[in-house]
Amino acid sequence: MEKKITDFQISMRGQLMVNLPVTIIIVVTSIFLSDMLNDSRGTIFVGCVFGWVYWKIMTPKWVQWATNRGVDIERLYRIGKSGLLVWNRQYIVDIVDKKKKPWF
């Protein structure tokens, strides 16, 4: 018998899979570029761009992971919105309906 996945598990997986690496990417990129260029102007912006690219790749994978385990779209939207992983239902619906590829 398969064990039901909890909201905490879904949220934690999203935080560890998406938001934590995005934060690390932003901070490390900013520190690395400011040390390399000896100028901190714009480094946070570049870090955010790299973080956004990672978010755009990993969020659909998180959605697919959750929906493959039987999580419905409304529940996933509620968890994702409170965890700052997704902003609207249509994004999740597009991923589930294969309108968006996991990497774009």
Side-chain angles (χ1 to χ4, degrees):
M1 181 184 234
E2 192 170 318
K3 193 168 103 175
K4 187 175 178 180
I5 191 165
T6 65
D7 288 358
F8 178 76
Q9 290 170 322
I10 297 167
S11 178
M12 191 55 64
R13 177 79 172 225
Q15 296 302 318
L16 294 175
M17 194 172 157
V18 181
N19 284 345
L20 180 64
V22 165
T23 304
I24 291 170
I25 288 169
I26 291 170
V27 170
V28 169
T29 301
S30 298
I31 290 171
F32 177 74
L33 285 178
S34 65
D35 285 347
M36 192 172 85
L37 301 174
N38 293 326
D39 187 11
S40 61
R41 288 180 292 159
T43 59
I44 292 178
F45 175 75
V46 173
C48 288
V49 169
F50 287 145
W52 177 79
V53 169
Y54 181 84
W55 176 87
K56 194 71 171 163
I57 293 168
M58 293 308 289
T59 300
K61 291 183 180 187
W62 172 73
V63 169
Q64 289 175 341
W65 171 84
T67 55
N68 288 340
R69 282 159 181 73
V71 178
D72 65 45
I73 291 173
E74 284 302 313
R75 181 178 172 205
L76 187 59
Y77 169 70
R78 184 177 40 81
I79 294 167
K81 184 156 176 117
S82 67
L84 301 175
L85 293 160
V86 295
W87 285 270
N88 61 30
R89 284 179 191 83
Q90 191 59 45
Y91 184 73
I92 296 172
V93 170
D94 288 347
I95 293 167
V96 171
D97 291 342
K98 308 279 191 245
K99 292 179 185 172
K100 289 194 184 221
K101 296 184 178 176
W103 51 89
F104 287 107

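Numbering of residues begins at 1 and proceeds along the displayed sequence.
Atoms CG and CD, from L85 and Q15 in turn, are 5.0 Å apart once rounded to the nearest 0.5 Å. In this structure, the separation between CZ on R13 and CZ on R69 is 6.0 Å, given to the nearest 0.5 Å. L20 CG to I25 CD1: the interatomic distance, rounded to the nearest 0.5 Å, is 10.0 Å. The distance from the CD1 atom of I79 to the CD atom of Q9 is 10.0 Å, given to the nearest 0.5 Å. The distance from atom CD1 of I24 to atom OG1 of T29, rounded to the nearest 0.5 Å, is 11.0 Å. The distance from the CH2 atom of W62 to the CG atom of N19 is 9.0 Å, given to the nearest 0.5 Å.
Closest heavy-atom contact between G47 and S30: CA-OG, 4.4 Å.
Contact of the R75 side chain with the I10 side chain is registered, since non-hydrogen atoms from C-beta on lie closer than 4.5 Å. Between V22 and W52 there is no side-chain heavy-atom pair separated by less than 4.5 Å. The shortest distance between side-chain heavy atoms of W55 and P21 does not fall below 4.5 Å. Residues K81 and R89 are not in side-chain contact: their nearest non-hydrogen atoms beyond the backbone lie 4.5 Å or more apart.
Panel note: side chain S11, backbone D7; no donor-acceptor pair is recorded below 3.5 Å. A donor-acceptor pair is defined here as one N or O able to donate and one able to accept, closer than 3.5 Å; such a pair exists between the side chain of S34 and the backbone of I31. Looking only at distances, a side-chain donor or acceptor of T67 sits under 3.5 Å from a matching main-chain atom of Q64.
Few gaps surround OH on Y54; more than 12 heavy atoms of other groups in view lie less than 6.0 Å from it. In the displayed structure, I44 atom CD1 is contacted under 6.0 Å by at most 12 heavy atoms of other residues, nucleotides or ligands.
Under the 4.5 Å side-chain heavy-atom criterion for grouping Ile, Leu, Val, Met, Phe, Trp and Tyr, V28 is not connected to M36 through any hydrophobic cluster. Linking ILVMFWY residues whenever their side-chain heavy atoms come closer than 4.5 Å, directly or via other members, places W87 and Y77 in the same cluster. I26 and L16 fall into different hydrophobic clusters, where Ile, Leu, Val, Met, Phe, Trp and Tyr residues are linked whenever their side-chain heavy atoms come under 4.5 Å apart, directly or through other members. In terms of hydrophobic clustering, with Ile, Leu, Val, Met, Phe, Trp and Tyr side chains grouped at heavy-atom distances under 4.5 Å, V27 and L33 are assigned to different clusters. No single ILVMFWY cluster, assembled from side-chain heavy atoms under 4.5 Å apart, contains both L84 and M58.
When each of L76, I92, I95, V18 is tested with V86 by the rule side chain to side chain contact (heavy atoms under 4.5 Å, CB included), just one qualifies, namely I92.
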